[in-house]
Number of protein chains: 2
Amino acid sequence: MDASVRTPERKLAGDKAQRIIAAMRSSVGARGASGSTFDQVAQEAGVSRGLLHYYFGSKERLLAEVVRHDCDLRLAALEQQLARADSLEAIVDVLVTSLEAFLDQDESDDPALIYEMFSASRHHEEMQTEMAELYRRVREQVGAALREKEHEGIVALRGDAEAVASILFALADGMALQRLSDPGWDSREAFAAGALTARYLLGG
Amino acid sequence: MDASVRTPERKLAGDKAQRIIAAMRSSVGARGASGSTFDQVAQEAGVSRGLLHYYFGSKERLLAEVVRHDCDLRLAALEQQLARADSLEAIVDVLVTSLEAFLDQDESDDPALIYEMFSASRHHEEMQTEMAELYRRVREQVGAALREKEHEGIVALRGDAEAVASILFALADGMALQRLSDPGWDSREAFAAGALTARYLLGG
DNA sequence: CAACCCTAGCTGGCCGGCCAGTCAGGCTGG
DNA sequence: CCAGCCTGACTGGCCGGCCAGCTAGGGTTG
């Protein structure tokens, strides 16, 4: 009963497990969930194929782990940005800038990852749960941040804080879908309209 | 050079081709694009597996055909609804009602179809083109309808008509993603905020 | 200190099954 | 009778999961 290996969670903190998660994450972004094979992912992670089963048991569980990991990273980054914003304009700017950064990531960190995961989650129980959790956390945490801003008098939300958070993310997801579907689309007008909409939702 | 079979398009108008498209459409909704096999689709369409290749040549081309078909149907339905709406409130109502209907379809007509197609399109040239075309048409046609409404003095758009159309669809897509990810989510507050947002975009 | 474990992390060949695409030929209406 | 529609057995390749066994290093024993 010492601090050594005991729970599965302990194992996944190791270097190799993290490399596997990172490799799967990048592979799903590039090739999709069903297009990502244990063979390729193992090779990219620099481990053997068997190790993927050793750590995660099944492809589904590895994918669920990738979702959780990705959600953690993105939420933390956004929340940090939001915390700094001390005016309505600053918040809108954080939202717009985050979306633009999200869409212009380099290849190893494909924005389509999250939508691949959404599709995959529709056919796997564990991933379904993980995706539901993801959006729930987003709404709750960003909602809480917005409520805080409202308390400080920076914003005057046009509705329930979590509902506003939900709408803001819906907007961002929807814009991302359109931009990813048609990379050649000139989205400047739409971005402007989106920013205006966000400003309205925050009380501007 | 008569009216008989000549182009591939002519062939696809036939009964069996349409049954195949319908079966693939429902299968992709239920099982995803990569989870849909020619075997099952052929069986559900009541034709042999070979016929799918005979008509469409490859899975990718069949999927592209499904996207085009689905887009035609949905756009036509929405445009018809919009044409009838003769007040700002009526338009918002059409948008909200359409989204709710979209989300509450029966199983043979899964709303997730479009997002499965989005994922699939990221790995297939022809589908990529088809998806870009889909969103382009949506923006153009709904944008044109909105411009018309503006001309009639019913709405006062908060930006370029196509940009507003784009934002409205982004909103709907994003809400759909959240609802589909977490069916248990109580989205009433978010729907209310979404309707408010739509009203604002239309000048209300 | 050396010989001997013994465990846990790790490996990769193998298996059973699946799947898109091919093709040789059957069928039928004109 | 034949052209074009249609069929389904077959092919070759791929993939997730399984598992028998390898290896390193810490502990134990003589």
Side-chain angles (χ1 to χ4, degrees), chain A residues 1-24 27-28 30-66 116 120-121 123-127, chain B residues 1-21 23-24 27-28 30-66 116 120 123-127:
Chain A
M1 197 86 90
D2 56 11
S4 70
V5 179
R6 187 69 41 168
T7 65
E9 288 71 26
R10 174 68 181 76
K11 286 205 307 187
L12 298 186
D15 171 55
K16 293 199 178 175
Q18 288 303 308
R19 283 219 309 275
I20 292 170
I21 291 179
M24 184 53 128
S27 176
V28 170
R31 287 182 286 267
S34 69
S36 295
T37 69
F38 273 31
D39 231 334
Q40 279 174 320
V41 171
Q43 206 161 0
E44 281 164 28
V47 300
S48 75
R49 237 187 31 253
L51 200 61
L52 276 66
H53 275 98
Y54 180 75
Y55 279 141
F56 302 96
S58 72
K59 189 175 180 177
E60 182 180 355
R61 230 156 339 173
L62 170 52
L63 287 169
E65 218 55 50
V66 172
E116 293 287 350
S121 79
H123 317 292
H124 298 294
E125 185 90 21
E126 294 184 37
M127 293 195 64
Chain B
M1 196 88 89
D2 57 10
S4 71
V5 179
R6 192 51 65 148
T7 64
E9 287 72 26
R10 173 68 181 77
K11 287 206 303 187
L12 300 187
D15 171 55
K16 293 199 177 175
Q18 288 303 309
R19 284 218 307 276
I20 292 170
I21 291 178
M24 185 53 128
S27 176
V28 170
R31 287 181 285 267
S34 69
S36 295
T37 69
F38 273 30
D39 229 335
Q40 280 173 321
V41 171
Q43 205 160 2
E44 281 164 28
V47 300
S48 75
R49 216 153 35 73
L51 199 61
L52 275 66
H53 277 98
Y54 179 76
Y55 279 140
F56 302 96
S58 72
K59 188 174 180 176
E60 181 180 354
R61 225 147 356 162
L62 171 52
L63 287 169
E65 218 54 51
V66 172
E116 293 287 350
H123 317 292
H124 298 293
E125 185 89 23
E126 294 183 37
M127 294 195 62

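Sequence lines set the chain letters: A, B, ... in the order given, protein chains first and strands last, and positions in each chain run from 1. The structure displayed is predicted, hence computed values, not measured ones. Atoms considered below: every heavy atom in the structure, side chains included; atoms not considered: hydrogens, waters and symmetry mates.
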Problem - side-chain N/O Tyr55(B) vs dC5(D) OP1/OP2, d < 4.0 Å - result: no

Practice task
Answer yes or no: does a side-chain N or O of Lys16(B) lie under 4.0 Å from OP1 or OP2 of dC5(D)?
Solution key: no

Distance-only donor-acceptor pairs under 3.5 Å for side chains of residues 30-44 of chain A, two or more places apart:
| from | atom 1 | to | atom 2 | distance (Å) |
| --- | --- | --- | --- | --- |
| Arg31(A) | NE | Ser27(A) | OG | 3.4 |
| Arg31(A) | NE | Gln40(A) | OE1 | 3.3 |
| Arg31(A) | NH2 | Ser27(A) | OG | 3.0 |
| Arg31(A) | NH2 | Glu44(A) | OE2 | 2.8 |
| Ser34(A) | OG | Ser34(B) | OG | 3.0 |
| Ser36(A) | OG | Ser27(A) | O | 3.3 |
| Ser36(A) | OG | Ser27(A) | OG | 2.7 |
| Ser36(A) | OG | Val28(A) | N | 3.4 |
| Ser36(A) | OG | Gly32(A) | O | 2.7 |
| Thr37(A) | OG1 | Gln40(A) | N | 3.2 |

Fill in the blank from the handout: Of all heavy-atom pairs linking Val66(B) and Ile21(B), the shortest is CG2-O, 3.8 Å

Exercise for the section: Using the side-chain contact (heavy atoms from CB on, under 4.5 Å) rule, pick out the option among Lys59(B), Glu60(B), Arg61(B) that qualifies with Leu63(B). Expected result: Lys59(B)

Problem - Value rounded to 0.5 Å, distance of CG in Asp15(A) from CZ in Arg19(A) - result: 4.5 Å

Handout entry: Residue pair Tyr55(B) / Lys16(B), side-chain heavy-atom distance below 4.5 Å
Key = yes

Handout entry: Nucleic acid footprint by protein, nucleotides 25-30 of chain C - heavy-atom cut-off 4.0 Å, B for base, S for sugar-phosphate alone
Key = ------

Exercise for the section: Could you list the residues that satisfy side-chain contact (heavy atoms from CB on, under 4.5 Å) with Ser48(B), not counting sequence neighbours? Expected result: Leu51(B)

Practice task
Output all residues satisfying salt bridge (charged side-chain N to carboxylate O under 4.0 Å, His left out) with Glu65(B), sequence neighbours left out; order by chain, then residue number.
Solution key: Arg68(B)

Exercise for the section: Could you tell me, to 10°, how much the axis swings from one end of the helix from dC1(C)-dG30(D) to dG30(C)-dC1(D) to the other, five pairs per end? Expected result: 20°

Handout entry: Any Tyr54(B) side-chain N or O less than 4.0 Å from OP1/OP2 of dC5(D)
Key = yes

Completion exercise
Counting primed atoms, P, OP1 and OP2 as sugar-phosphate and everything else as base, the B/S/- map of nucleotides 12-24 of chain C against protein heavy atoms under 4.0 Å is BBB----SSBB--

